[in-house]
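One structure is given here, and the rest of the page talks about it.
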Amino acid sequence: MHINISTLLDVAIGLIFIFFVFSIFVSGIVELINSLIEQRAKLLRIALDKLLGQALANDFFDHQLTKIKQQRFAGFLKPINYLSAESFSTVLIDLLTRSAGPVPSGLKPTEATFDRIKQFSSQPDAEKFKTVIDLIEPILAKSNNFQMFKSELEKWYNGYMEQVSGWFKRYAQGVVWGVSIAVTLVLNVDTIHLTNQLFNDNGLRDRLVEAAVKTTSDGGASFKKDAAFVSHLARYDSSLVKKDSLDSRKIQIKPSLTSADSLVVQAVYVDFVKSRVADLKLPVGWVLTGKQGPWLPGQDHLVALLGWVLTVAALSFGAPFWFDLLLKLVNIRNTARRPTGNANSTK
């Protein structure tokens with residue numbers, strides 16, 4: 001087989017498109033897992049238990065302004081997984097002022113609130129709230145009034161939540177690796193075998209390049225921007241989509257979905273990606289019949305382990321990384337194949 005730059009570019013596009021498709025498949029499963037086990041909500045609860053102490057954290061989550069943010073799903077209240085700095089400060093200040101005794105007379109509401117918070121550490125039950133007292137005392141020391149205290153408290157909370165986001169990212173990355181390993185082994189996605197097939201199978205290579213070009217033109221870096229998926233979702237359940245505000249001929253996924261609807265969208269997306277993989281007729285999977293055993297035709301089982309390792313590593317980068325790289329290569333390919341202008345056409 002004659003190999004030229006054009007062939008190498010098409011092989012690279014085909015392989016990167018495969019990584020992209022399986023990466024969005026992995027991300028769909030990961031999002032579904034995270035939605036089902038509510039890990040964000042669990043980490044938020046752990047963080048506030050650590051920040052406020054368990055006793056006050058229980059009162060915090062039982063507060064009406066916190067409970068009202070919970071959503072009902074399948075007859076159960078789902079725990080909240082996000083709390084803004086303003087919501088945090090409002091609820092915490094209300095809990096502190098309730099426990100600080102009667103309102104001093106002759107003070108404005110904000111001044112009264114600030115004065116009660118400053119006197120909080122001298123209350124009889126202050127030991128119960130020792131953790132939060134240790135938090136607010138340094139903030140009180142540099143605050144001249146209530147608004148300054150509230151602003152500094154919210155600023156500190158935002159910094160703390162960035163740390164909690166780091167906890168979730170480390171957890172999520174572990175889930176991505178676990179799902180990537182499972183998908184690679186269950187579907188037998190061998191990078192080395194795929195590369196060999198792309199070099200030797202012109203039909204497979206052309207099919208993948210065509211799909212890659214179409215995907216980049218649709219802007220499908222995520223399922224919300226994937227025009228093909230949005231159309232598929234509209235056929236599945238039209239109540240999950242709406243007309244684009246800028247172009248009534250286009251549709252988009254509704255920006256604010258309930259937890260139940262979000263789970264439906266994610267499940268439909270995983271199924272959609274599975275059908276997309278099947279339509280591409282990729283050389284992946286296991287052979288359950290025949291003399292060769294479970295291995296694909298032409299697959300070297302001694303080299304397969306390395307191919308699986310390469311696939312898992314590639315999928316861990318995530319779909320946005322592969323989409324950006326795919327877009328660059330497709331643009332290079334289109335530029336290289338663009339015919340030069342006819343200099344005589346203007347004469």
Side-chain angles (χ1 to χ4, degrees), residues 34-35 37-73 75-168 255-260 262:
N34 289 337
S35 297
I37 68 176
E38 296 289 351
Q39 186 64 21
R40 286 182 185 273
K42 292 177 182 177
L43 289 177
L44 178 63
R45 180 59 196 248
I46 291 172
L48 292 186
D49 280 352
K50 182 179 178 182
L51 180 64
L52 305 176
Q54 190 168 9
L56 189 56
N58 289 336
D59 293 342
F60 187 96
F61 282 98
D62 287 338
H63 194 282
Q64 184 60 29
L65 293 179
T66 306
K67 292 174 69 174
I68 201 171
K69 294 179 179 294
Q70 294 178 312
Q71 292 183 339
R72 186 168 294 277
F73 175 65
F76 299 95
L77 283 175
K78 294 188 66 179
I80 59 174
N81 55 28
Y82 171 76
L83 200 65
S84 69
E86 185 176 5
S87 296
F88 170 78
S89 65
T90 300
V91 174
L92 179 58
I93 289 171
D94 183 58
L95 291 173
L96 292 177
T97 52
R98 285 184 187 181
S99 303
V103 181
S105 59
L107 294 176
K108 295 180 180 179
T110 53
E111 292 175 345
T113 300
F114 188 53
D115 186 68
R116 293 167 77 186
I117 293 174
K118 287 191 293 183
Q119 301 301 322
F120 182 77
S121 59
S122 63
Q123 298 303 313
D125 60 349
E127 185 63 28
K128 175 183 176 183
F129 303 128
K130 184 179 185 307
T131 304
V132 75
I133 290 173
D134 292 340
L135 164 67
I136 65 174
E137 281 188 339
I139 300 176
L140 283 169
K142 61 178 182 180
S143 301
N144 298 323
N145 52 55
F146 173 77
Q147 289 299 333
M148 186 176 180
F149 169 74
K150 186 173 185 294
S151 175
E152 289 296 323
L153 180 63
E154 291 175 358
K155 186 187 300 183
W156 191 94
Y157 174 81
N158 282 330
Y160 184 58
M161 284 298 107
E162 287 183 11
Q163 181 181 350
V164 176
S165 296
W167 299 351
F168 182 78
S256 55
L257 295 173
T258 65
S259 297
S262 295

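Listed here is the closest heavy atom pair of Tyr157 and Ala85: CD2-CA, 3.4 Å. The minimum heavy-atom distance linking Val164 with Leu43 is given by the pair CG1-O, 4.3 Å. For the pair Lys67 and Asp62, the tightest heavy-atom approach, listed with the atom from each and the gap, is CD-O, 3.1 Å. The minimum heavy-atom distance between Ile80 and Ala41, with the atom names listed, is O-CB, 3.3 Å. Taking both residues in full, the closest heavy atoms of Ser143 and Glu152 are given as OG-CG, 4.3 Å, listed atom of the first, atom of the second, then distance.
Using modelled atom types, one side-chain atom of Thr66 and one backbone atom of Phe60 make a donor-acceptor pair closer than 3.5 Å. Of the possible donor and acceptor atoms, none in the side chain of Ser87 sits under 3.5 Å from a partner among the backbone N and O of Leu83. At distances below 3.5 Å, at least one donor-acceptor pair connects side-chain atoms of Thr90 with backbone N or O atoms of Glu86.
Residues Lys42 and Glu38 are not paired through a salt bridge, judged by the lack of any N-O separation under 4.0 Å between the basic side chain and the carboxylate.
The environment of Gln163 atom CD is dense: over 12 non-hydrogen atoms of other residues, nucleotides or ligands sit within 6.0 angstrom.
Distance CG/Leu44 to CG/Asp49: 9.5 Å, rounded to 0.5 Å. Separation of atoms CZ (Arg40) and OH (Tyr82) is listed at 11.5 Å; rounding is to 0.5 Å. Rounding to the nearest 0.5 Å places CG of Leu153 at 6.0 Å from CD1 of Ile93. In this structure, CG on Leu92 lies 11.0 Å from CG on Asp59, to the nearest 0.5 angstrom. Within the model, atoms CG of Asn58 and CG of Leu48 stand 11.0 Å from one another, a figure rounded to the nearest 0.5 Å. In this structure, the separation between CD on Glu154 and CE on Met161 is 13.0 Å, given to the nearest 0.5 Å.
By the 30° and 60° cut-offs, the orientation of the rings of Tyr160 relative to Trp156 is parallel.
Two residues are said to be in side-chain contact when any heavy atoms from C-beta on lie closer than 4.5 Å; Leu56 and Thr131 fail this criterion.
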